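Report on one structure; see the data block that follows.
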There are 2 protein chains.
Amino acid sequence: MNIGDVADLSGLPAKTIRYYEDIGLVKPLRSSNGYRTFRESDAHKLAFLGRARALGFTIEDCRNLLALYEDEKRASAEVKEIAKQHLERIDGKIAELKEMRATLAHLVEECAGDHRPDCPILADLAMKRRDEDDRRKST
Amino acid sequence: MNIGDVADLSGLPAKTIRYYEDIGLVKPLRSSNGYRTFRESDAHKLAFLGRARALGFTIEDCRNLLALYEDEKRASAEVKEIAKQHLERIDGKIAELKEMRATLAHLVEECAGDHRPDCPILADLAMKRRDEDDRRKST
DNA sequence: TCTAAGGCTTCCCCCCGCTGGAAGGTCAAC
DNA sequence: GTTGACCTTCCAGCGGGGGGAAGCCTTAGA
């Protein structure tokens, strides 16, 4: 298989596949014309990578997951640990985004959004720390 | 004020402040020894930037917000529009993360996490598209 | 047999938003 | 005068690729 075929199969752009080779995630063979030649197992790995990345695993996580995948003597506990840590990262990000969202939604609601210059959004962003603390106390 | 002072005031690292000068967000003066000299207004802008960034606004958003902040004839509608678009981006990200979270949490639950190699997490990642579709139908 | 289109190769730069570090100038205190 | 904390510039790199140039390779059609 050439890179285009495996790109279609895995859903990954050819550029990404070359990059994955660069960083050692896949190791396709080369045919005499210099083209990369992907085996079934390479295509399989790439699909695996695509799905792991879609779940938000980092490249390093993917490298570890792939190694565990290939190791028939792995302990599922190791895999679970990686997944659990990732789950925590995701939860952290969600919490962070929700906090931003709450603040921002509040400000957007307060803003008239008309031709006048008065704007609680800008006022909040410009506010000094001490005033902000005051507002927190009073709210 | 030197960069260290304004870094303390704004809570931003000096590196970041230099970077913000590079990209034209702040324009401190220079004293004869080559040190950057920040006015009150610069310190104020940097604090503004810090808070906008903490809400997840992109640098370009920040640039626009800062321009609106400085424009006394702005219409609050413009500010609100930027904020609303950002709110949508945040919602999009939250939704995306929640979907990842759901899939991942499900897999983590299913995995025994012991010394045995059998692992539904790896199995799912390795699964072929067609099998995945089948599972969707049957679930 | 020529040609055109499309695929493949490497290469290097770009994105965002910083961050780290090296090499060196400056300033205040002791 | 010398230490140590500042400050300066410049260059490189993070993650995770994307864009595009310049140049082979292959294949289909006229």
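Letters A, B, ... are given to chains in the order of the sequence lines, protein chains preceding strands, and every chain is numbered from 1. Remember, predicted model here, so these are calculated numbers, not experimental data.
For A:Arg18 and C:dG7, the shortest distance from a side-chain N or O to OP1 or OP2 is not below 4.0 Å. For the OP1/OP2 pair of D:dG16 and a distance below 4.0 Å, the side-chain nitrogens and oxygens of A:Thr16 include no atom meeting the criterion. Taking side-chain N and O atoms only, A:Arg30 has no distance below 4.0 Å to OP1 or OP2 of C:dC8. A sub-4.0 Å separation between OP1 or OP2 of C:dC16 and a side-chain N or O of B:Arg63 is absent. The shortest distance between the side-chain N/O atoms of B:Asn33 and the OP1/OP2 oxygens of C:dC27 is below 4.0 Å. OP1 or OP2 of D:dT8 has at least one side-chain nitrogen or oxygen of B:Arg36 nearer than 4.0 Å.
Using modelled atom types, no side-chain atom of A:Ser10 and backbone atom of A:Ala43 make a donor-acceptor pair closer than 3.5 Å. Remark: side-chain polar atoms of B:Asn2 are not paired, donor with acceptor, to backbone N or O of B:Gly4 under 3.5 angstrom.
A:Asn2 has its CG atom 14 Å from the C1' atom of D:dC24, to the nearest Å. To the nearest angstrom, P of C:dC16 lies 9 Å from CD1 of B:Ile23. Note: CG (B:Asp8) to C1' (D:dA5) measures 13 Å, nearest angstrom. Straight-line distance from the CD1 atom of B:Ile3 to the C1' atom of D:dC6: 11 Å, rounded to whole Å. Following rounding to the nearest Å, B:Asp5 (CG) and C:dA28 (P) show an atom-to-atom distance of 12 Å. We find that CZ of B:Phe57 is positioned 17 Å from C1' of C:dC16, with the value rounded to whole Å. The distance between atom CE of B:Met1 and atom P of D:dC7, rounded to the nearest whole Å, is 12 Å. Straight-line distance from the CD1 atom of B:Ile17 to the P atom of C:dC18: 11 Å, rounded to whole Å.
A salt bridge is defined here as a Lys NZ or Arg NE, NH1 or NH2 lying under 4.0 Å from an Asp or Glu carboxylate O, and A:Arg63 with A:Glu60 meets this definition. Taking the charged nitrogens against the carboxylate oxygens, A:Lys93 and B:Glu96 have no contact shorter than 4.0 Å, which rules out a salt bridge.
Taking the nucleotide of DNA chain D with the nearest heavy atom to each of A:Tyr20 and A:Ser32, the more 5' of the two is matched to A:Tyr20.
Looking at the side chain of B:Ile59, the nearest of the listed nucleotides C:dG17, C:dG7, D:dG18 is C:dG17. Nearest to the side chain of A:Tyr19, among D:dC7, D:dG16, C:dT9, sits D:dG16. Nearest nucleotide to the B:Thr58 side chain, out of C:dG17, C:dG20, D:dC7: C:dG17.
Between B:Tyr20 and B:Arg53, the closest heavy-atom pair is OH-CG, 3.6 Å.
A donor and an acceptor atom never sit less than 3.5 Å apart when one is taken from the side chain of A:Lys15 and the other from the base of D:dG16.
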